Amino acid sequence: MKLIISSKLMMEMQAMARSASPEEICGLLLGRNNRVDSIRAAKNVAVDRQRHFEIDPAMLITAERDMRNGGMPIVGYYHSHPGNKVEPSPTDAVSAAPDGRIWLIINGTDAAAWQATESGRLLDRFNPVELECPLD
């Protein structure tokens, strides 16, 4: 599997991650056919935003409703690990529903994509996804 996201969107997310550090940022990846056409930044409502993220539930409900009404599908989610590896943490694995959606993890410089599955190779929840960032 491959996730395609433009270099412009990737640079935008990385800039947000750098400016929010040491707190984690988060949001939604919107698009079709494993291609991210847009992102929707979300408020991180986690209690400890330096170690965790939680997408604002109201925003997530609105995006799910929009999708059901013909809006842009949710391909997955993005969040940052400031100053850390771009791979899911044990906390991410506990939080991730095995719904096949993508988890894009960034750290202000690097990025990696992961698919949340029933029995993934990493932490029994995630499988790596090839990431392609074509120039705009």
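All heavy atoms count here, side chains included; hydrogens, waters and symmetry mates do not. This structure is a prediction, so every number in the text was calculated from the model and none was measured.
No donor-acceptor pair closer than 3.5 Å links the side chain of E24 to the backbone N or O of R49. At least one donor-acceptor pair under 3.5 Å links the side chain of Q14 to the backbone N or O of D110. At distances below 3.5 Å, at least one donor-acceptor pair connects side-chain atoms of N44 with backbone N or O atoms of A46. Between the side chain of N127 and the backbone N or O of R121, at least one donor-acceptor pair lies under 3.5 Å.
P57 approaches E54 most closely through the heavy-atom pair CG-OE2, 4.1 Å. Taking every heavy atom of both residues into account, C133 and M10 meet most closely at SG-CE, 3.7 Å. L29 and L104 get closest at one heavy-atom pair: CD1-CB, 3.9 Å. The two residues I25 and A17 have their closest heavy-atom pair at CD1-N, 3.6 Å. Between V75 and L30 the shortest heavy-atom distance is CG2-C, 4.0 Å. When every heavy atom of D37 is checked against every heavy atom of G31, the shortest pair comes out as OD2-CA, 3.6 Å.
Proximity of W114 to P128: side-chain heavy atoms (C-beta onward) are separated by under 4.5 Å at one or more points.
Note that CD of E12 and CD1 of I106 are 10.0 Å apart. Values are rounded to the nearest 0.5 Å. The NE2 atom of H52 sits 12.5 Å away from the CD atom of E23 when rounded to the nearest 0.5 Å. The CD1 atom of I4 sits 4.5 Å away from the CD atom of E132 when rounded to the nearest 0.5 Å. One finds the CZ atom of R125 at 7.0 Å from the OG1 atom of T117 (value rounded to the nearest 0.5 Å). Atom CE of residue M13 and atom OG of residue S80 lie 11.0 Å apart, to the nearest 0.5 angstrom. For the atom pair CD1 (I74) and CG (L60), the distance works out to 5.5 Å, reported to the nearest 0.5 Å.
Within 6.0 Å of the CZ atom in R51, the count of heavy atoms belonging to other residues, nucleotides or ligands does not exceed 12. Within a 6.0 Å radius of CG in D48, other residues, nucleotides and ligands contribute more than 12 heavy atoms.
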Test R40 against D66 for side chain to side chain contact (heavy atoms under 4.5 Å, CB included), laying out the working first.
CA-CA 13 Å; R40 188 177 299 174; D66 290 347; 3.9 Å; yes
Stepwise side chain to side chain contact (heavy atoms under 4.5 Å, CB included) test for N84 and N107:
CA-CA 6 Å; N84 291 314; N107 66 7; over 6 Å; no
Working for side chain to side chain contact (heavy atoms under 4.5 Å, CB included), residues L28 and M59:
CA-CA 10 Å; L28 303 178; M59 189 267 236; 3.7 Å; yes
Checking side chain to side chain contact (heavy atoms under 4.5 Å, CB included) for the pair Y77/S95: CA distance, chi angles, key distance, verdict?
CA-CA 12 Å; Y77 317 96; S95 301; over 6 Å; no
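In the hydrophobic clustering of this structure, M72 groups with M67; members are Ile, Leu, Val, Met, Phe, Trp, Tyr whose side-chain heavy atoms approach within less than 4.5 Å, directly or through other members. The hydrophobic clustering, which links ILVMFWY residues whose side-chain heavy atoms are closer than 4.5 Å, places V129 and I5 together. Taken together through direct or relayed side-chain contacts under 4.5 Å among Ile, Leu, Val, Met, Phe, Trp and Tyr, I39 and L3 form part of one hydrophobic cluster. If you chain together hydrophobic residues whose side chains sit under 4.5 Å apart, Y78 and L122 never meet in one group.
By the side-chain hydrogen bond (donor to acceptor under 3.5 Å, both in side chains) test, D92 pairs with H79, H81, S89, sequence neighbours left out.
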